[in-house]
Asks: 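Take a look at the following structure, please.
Below, chain A is the first sequence line, B the second, and so on; all start at residue 1.
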Amino acid sequence: MFVGIDVSATRGFDVAVVDDDRRLVLLAKAKTLEATAVIAQGLPKESVVAVDAPPGPSRGLVPGGKRYRVAEEELHRMGVSLYPVPPDEATAASWMREGFALFEVLAKAGFPVFFDGAARQGVSFECYPHLTYRTLAGASRGSLSKIEWSRAALRRRVAGVPKDATQDELDAIAAALTAWFFAHEQFVGYGDPREGVIIAPAPDERDEGPLAPDQLALAIDAPTAAILASDTTTKETPFAQRVLRFVANIPPGRVATFGDVARACGKATGARAVGTILAAHPFEVPTHRVVDANGRPSPVYGGGPERQLERLTAEGVRVDGGKVDLKESRWRA
DNA sequence: CGTCTGACTGCCC
DNA sequence: TGGGCAGCCAGAC
């Protein structure tokens, strides 16, 4: 089985499983690391697990005392940006720390991290869905929204992708697909093996896509399936999920405007709706990192706008005259 | 369903 | 610089 896991610090783990014919056989959300561990333990030994998160901190191998990883350096040179992993675990973003923990769980379940050498089964590795999409759909996203672009990249590569899949789910499927390419010796790795590599597909030119017609079937043992079934509620709409995922990924010390979030989530004029969604999830994502187009905090932020600015100040954001310096602190994903 | 409201924006004074 | 205002989208009846 080829397994993909999308990690979110606040909303748990999305898990996708693809079989050898590239049919999606399982798509579910596990809210906790423990639930994910149960899934991992139920996997066949010869599975390959791809995770959208780093396995460990930077080892400082980039010349010049840089703090990020070699993989980030290499991808940056290719025009692919990703949030850098710091050398010290304590300052890593919470979703990164979830990733570190997940890789430990996977190792215990019989899937140690792959560092280099020939592809083999019974391993886990880091992937980056954005990079996978880029390889499969082309570098330019054009006028497509992120989710449309993601879906286009997976079309004809994986059978059985639900029409209403969220971005989290698509990312998990992209990870599972990356595991498939890895196991079929069609992959490239970025980074230094001593530190950890990011794996991306390198599709064979003769690649003809999934071999079987669309169909969904559970191929996991019953106890695991039962746990998944009880843990699969996703009440948010796809747009709301994208918004929450995006905001969850704004790093400490950076901010985004409501309009930035709306644009990144595929609805350029949906800034107001972003506010609606954040208001409904005040504790699940770092909403203090979202400010208006002038850099001002929300008048109705829990605890007051001053509290929001305090939190930002504590993260190192410069605040002046009741507003943040957007030029300096704005985050571009 | 239709209608209303809001952690928004850009544009016009 | 700042207030008014129309347009916008998701969520709540």
Asks: Classify A:Ala273 by what it touches in the nucleic acid, base, sugar-phosphate, or nothing, heavy-atom distance under 4.0 Å.
Replies: base

Asks: Would you mind telling me which residue lines up with the more 5' stretch of DNA chain B, A:His288 or A:Arg263, judged by nearest nucleotide?
Replies: A:His288

Asks: I need the residues from residues 289-297 of chain A with at least one non-hydrogen atom less than 4.0 Å from DNA chain B; give them sorted by number, or say none.
Replies: A:Asp292, A:Ala293

Asks: Which part of the nucleic acid, if any, lies within contact of A:Ala262, taking any heavy atom under 4.0 Å across all strands shown: a base, the sugar-phosphate backbone alone, or nothing?
Replies: nothing

Asks: Do A:Arg151 and A:Val161 have side chains that get closer than 4.5 Å, going by heavy atoms?
Replies: yes

Asks: Which residue, A:Thr269 or A:Ile277, contacts DNA chain C at a nucleotide closer to its 5' end, judged by nearest heavy atom?
Replies: A:Thr269

Asks: When the aromatic ring centroids of A:Phe246 and A:Trp331 are compared, is their separation below 6.0 Å?
Replies: yes

Asks: Which is more 5' along DNA chain C, the nucleotide nearest A:Thr276 or the one nearest A:Arg272? Just name the residue.
Replies: A:Arg272

Asks: What pairs meet the side chain to side chain donor-acceptor pair (under 3.5 Å) rule with one or both residues in residues 98-121 of chain A, with sequence neighbours excluded?
Replies: none

Asks: For the residue pair A:Arg330 and A:Arg332, establish whether any side-chain heavy-atom pair is separated by less than 4.5 Å.
Replies: yes

Asks: Using chain A heavy atoms and a threshold of under 4.0 Å, write down where along DNA chain B the contacts begin and end, 5' to 3'.
Replies: B:dG6 to B:dG10

Asks: So does A:Arg245 pair up with A:Asp6, basic N to acidic O under 4.0 Å?
Replies: yes

Asks: Kindly write out the residues that satisfy ring pair (Phe, Tyr, Trp, His ring centres under 6.0 Å) with A:Phe13, not counting sequence neighbours, or none if the list is empty.
Replies: none

Asks: Once side chain to side chain donor-acceptor pair (under 3.5 Å) is applied, do any residues pair with A:Glu72, and if so which ones, sequence neighbours excluded?
Replies: A:Arg69

Asks: Determine whether the aromatic ring centres of residues A:Phe182 and A:Phe114 are separated by less than 6.0 angstrom.
Replies: yes

Asks: Kindly state whether the ring of A:Phe2 and the ring of A:His184 have centres lying under 6.0 angstrom apart.
Replies: yes

Asks: Just checking, any donor-acceptor pair under 3.5 angstrom between side chains of A:Gln167 and A:Ser150?
Replies: yes

Asks: If you walk 5' to 3' along DNA chain C, what is the first nucleotide with an atom under 4.0 Å of a heavy atom in chain A, and what is the last?
Replies: C:dG7 to C:dG11

Asks: Treating A:Thr91 as the side-chain partner and A:Asp88 as the backbone partner, does any N or O pair qualify as donor plus acceptor under 3.5 Å?
Replies: yes

